[in-house]
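Data block below; observations after.
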There are 2 protein chains.
Amino acid sequence: MDDLEVRELRYFVAVAEELNFSRAAERLGISQPPLSRAISQLERRLGVQLFERDTRGVAVTAAGQTMLTEARTALEVMSRVARRTRRAGWAVPTLVTTAKPGIASGLLGRIVEVYAALPGSPRVEIVVSGYRQQADMVRDGRADAALLSSPCDERGLDSEPLTTEPRVAALPAAHRLARRSTLRCSDLHGERMPRWSGATPEECVYWSGRDRTDGPGRGVGAHQPEVTVPGPVVNDPTELLEVVSLGQAVALIPASLAEANLRTDIAYRPVDDASPYTVAVAWTRGARSPVLNSFVRSAIDVTTSEQGTAAPHVS
Amino acid sequence: MDDLEVRELRYFVAVAEELNFSRAAERLGISQPPLSRAISQLERRLGVQLFERDTRGVAVTAAGQTMLTEARTALEVMSRVARRTRRAGWAVPTLVTTAKPGIASGLLGRIVEVYAALPGSPRVEIVVSGYRQQADMVRDGRADAALLSSPCDERGLDSEPLTTEPRVAALPAAHRLARRSTLRCSDLHGERMPRWSGATPEECVYWSGRDRTDGPGRGVGAHQPEVTVPGPVVNDPTELLEVVSLGQAVALIPASLAEANLRTDIAYRPVDDASPYTVAVAWTRGARSPVLNSFVRSAIDVTTSEQGTAAPHVS
DNA sequence: CTGGCCCTATACCCTGGAGGCATGGATGAT
DNA sequence: ATCATCCATGCCTCCAGGGTATAGGGCCAG
């Protein structure tokens with residue numbers, strides 16, 4: 001019968017995240033009583049109890065939990081509508097692409113160069129985005145396509161792999177593991193791993209050699225708890241290597257990065273069972289306009305032609 | 001800055017579909033002037049012209065076209081939030097499944113039987129749904145899982161194939177093609193094909209042997225126009241065979257249906273290049289709760305064990 | 001036990017905006 | 001020329017979302 005409104009979802013999410021009506025109200029820029037009322041009305045309309053109010057704080061019920069995830073995606077989709085439409089209305093049709101710093105100026109730049117040379121291709125914009133922002137930018141419509149470096153959260157996106165390369169452990173030259181010629185993920189358990197600035201401590205596990213994404217289909221995999229330890233925060237690859245060199249952490253990095261930074265104070269060792277480092281081009285699930293198609297095609301063409309001429313990896 | 005509201009999206013979609021403000025307003029249950037104003041405001045807020053009003057009717061601009069698709073999915077997601085949450089709030093946790101009539105009572109019934117016997121499995125409900133409603137029911141949250149018979153529109157869903165079987169042409173015994181031992185899709189061009197009640201004439205092509213779904217990834221396929229002709233409307237398999245027997249149409253049906261209905265007045269002939277008839281279990285993209293996982297597992301188990309003992313197909 | 005403290009819920013008022021009604025203006029059909 | 005059709009504008013009404021004030025109920029310090 002009655003659909004929910006965006007406002008209600010925002011209110012609900014705020015309360016569910018703050019677990020406190022007053023703080024949530026403040027965050028929303030309204031006062032507390034209207035918020036209480038709105039949530040009550042919401043619960044009454046849905047006929048479902050979303051929160052367990054027990055006088056000292058608020059808890060989310062099971063139903064509230066499912067609503068929370070649903071509401072988050074719904075809000076995402078709603079904001080995407082506006083962004084996409086605005087962009088579609090631009091006088092000059094523009095394909096917006098994004099990637100993280102190193103890739104944006106390198107691979108993405110080359111792809112765009114090839115793509116822009118095609119007849120009929122629109123204006124292309126390259127946005128450099130920060131830590132793991134790429135997927136979100138595509139999801140909420142700020143970008144049409146992105147180069148993602150795995151592992152990352154590809155929910156809601158379609159993607160096509162471009163390059164894949166093994167990952168190696170970067171160790172201080174004097175590290176005990178540096179004497180081994182190859183390693184396994186389990187060898188790194190207990191080691192401190194650098195965090196990219198912007199990453200939460202939990203996200204550190206992404207760099208511990210396992211993919212976050214569950215395998216599709218039958219892979220009904222339970223996650224094994226990771227036992228690497230969050231280490232110092234770094235802003236760029238140079239900083240990361242510096243931290244390793246100082247013995248403050250151990251990092252898993254793509255082989256090409258190791259190649260480009262051969263140093264006597266750092267030992268690079270292949271990690272056999274680490275998930276490979278891949279770069280993929282991604283776009284909104286289901287969006288397959290001609291413009292997007294030919295961009296994806298360009299990305300594939302550029303990487304396959306480069307792959308053949310690439311230098312051999314360090315061993 | 002300012003997010004759109006659900007109401008605005010509904011208004012927009014109504015106008016875009018009706019291409020007429022008055023009719024759209026009527027459909028929305030409001031009068032025409034507020035609708036005009038709402039759309040104007042929407043355009044002003046987005047800074048994008050959505051409609052081309054040229055005094056006699058309304059046309060959708062390019063930007064409006066993209067907004068239309070975005071808005072449709074957004075509305076879908078919004079209504080899903082409410083449905084899912086309501087369902088999650090039920091006192092008795094329940095897994096809702098759906099399939100079309102024949103499959104619901106047969107395969108789905110057996111799957112549910114197996115699943116319900118598992119320890120810790122919740123209450124299961126089987127909803128019988130009509131023509132191609134299954135995917136929509138999962139998309140909008142009325143069902144958790146569905147058995148889809150291909151070809152069908154799986155956008156927004158994850159799925160896992162269960163059974164696959166060839167499709168055969170059902171021909172009147174006296175039909176000229178009945179003298180051939182095998183056919184190809186092109187042989188059926190120009191033939192009348194029955195329509196399932198509820199299907200639009202265009203959807204008739206789904207039964208003409210080609211898949212609607214574009215191949216994923218690099219398959220940037222253009223659709224070939226189909227040249228089969230919509231025939232009489234039928235409600236169930238028996239009716240379909242009756243129509244064929246009377247010489248009013250020719251149908252492509254799964255081999256098992258042919259097997260179960262061997263008749264002297266109908267000839268079944270394999271069609272070599274028809275896309276196979278497959279049944280898949282599908283669920284909302286990304287939803288992978290333990291409950292859902294084990295249901296999918298049950299579905300796979302049941303079909304793989306049945307597949308081995310299945311009777312051989314007619315030839 | 002009691003008085004502050006920290007929550008959320010209730011009561012009451014006020015205002016912005018959604019919607020109805022009447023009408024204007026433009027264009028095509030007859 | 002007249003009418004029909006269709007979208008836009010102006011004006012009014014009314015409700016729901018929001019603010020302020022306050023009540024009510026646990027928790028803790030003294």
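The model shown is predicted, which means the values in this text are computed figures rather than measured ones. A note on names: the letters A, B, ... follow the listed sequences, proteins ahead of strands, and every chain is numbered from 1.
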Whole Å only: how far is the [atom1] atom of [X] from the [atom2] atom of [N]?
| X | N | atom1 | atom2 | result |
| --- | --- | --- | --- | --- |
| A/Glu26 | C/dC6 | CD | P | 14 Å |
| B/Glu8 | C/dG17 | CD | P | 12 Å |
| B/Gln49 | D/dA8 | CD | C1' | 14 Å |
| B/Arg23 | D/dC7 | CZ | P | 8 Å |
| B/Leu4 | C/dA18 | CG | P | 13 Å |
| B/Phe21 | C/dT27 | CZ | C1' | 17 Å |
| B/Leu28 | C/dA18 | CG | P | 14 Å |
| B/Ile39 | C/dA18 | CD1 | P | 12 Å |

Using the ring of each side chain (for Trp, its six-membered ring), is A/Tyr115 parallel, tilted or perpendicular to A/Phe295, with breaks at 30° and 60°?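 The rings of A/Tyr115 and A/Phe295 stand perpendicular, inter-plane angle above 60°.
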
Within the side chain of B/Thr97, is there an N or O that forms a donor-acceptor pair under 3.5 Å with the backbone of B/Val124?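 Answer holds: no.
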
It should be established whether [X] places a side-chain nitrogen or oxygen under 4.0 Å from OP1 or OP2 of nucleotide [N].
| X | N | answer |
| --- | --- | --- |
| A/Asn20 | C/dC6 | no |
| A/Ser36 | C/dT10 | no |
| A/Ser22 | C/dT8 | yes |
| B/Arg53 | D/dC6 | no |

List in chain and number order the residues that pass side-chain contact (heavy atoms from CB on, under 4.5 Å) with B/Ser79, two or more places apart in sequence or in another chain; answer none if no residue qualifies.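 For B/Ser79, the residues satisfying side-chain contact (heavy atoms from CB on, under 4.5 Å) (neighbours in sequence not counted) are A/Asp3, B/Arg83, B/Asp140.
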
List for me each residue that meets side-chain contact (heavy atoms from CB on, under 4.5 Å) alongside A/Ser129, sequence neighbours excluded, and say none if there are none.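 Counting only residues at least two positions away or on another chain, A/Ser129 forms a side-chain contact (heavy atoms from CB on, under 4.5 Å) with A/Thr98, A/Gln133, A/Gln134, A/Met137.
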
In chain order, what residues pass the side chain to side chain donor-acceptor pair (under 3.5 Å) check against A/Thr284, with sequence neighbours excluded?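 Partners of A/Thr284 by the side chain to side chain donor-acceptor pair (under 3.5 Å) criterion, ordered by chain and then number, come out as A/Arg84.
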
Sequence neighbours left out, what passes side chain to side chain donor-acceptor pair (under 3.5 Å) with B/Arg285? Give chain and number order.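 Checked B/Arg285 against side chain to side chain donor-acceptor pair (under 3.5 Å); zero matches.
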
Base contacts versus sugar-phosphate-only contacts with protein, heavy atoms under 4.0 Å: please encode nucleotides 10-23 of chain D as B, S and - from 5' to 3'. -B-----SBBBB--

Compile the donor-acceptor pairs under 3.5 Å between side chains in residues 31-39 of chain B and protein atoms, sequence neighbours left out, one pair per line.
from: B/Gln32; atom 1: NE2; to: B/Ser36; atom 2: OG; distance (Å): 3.0

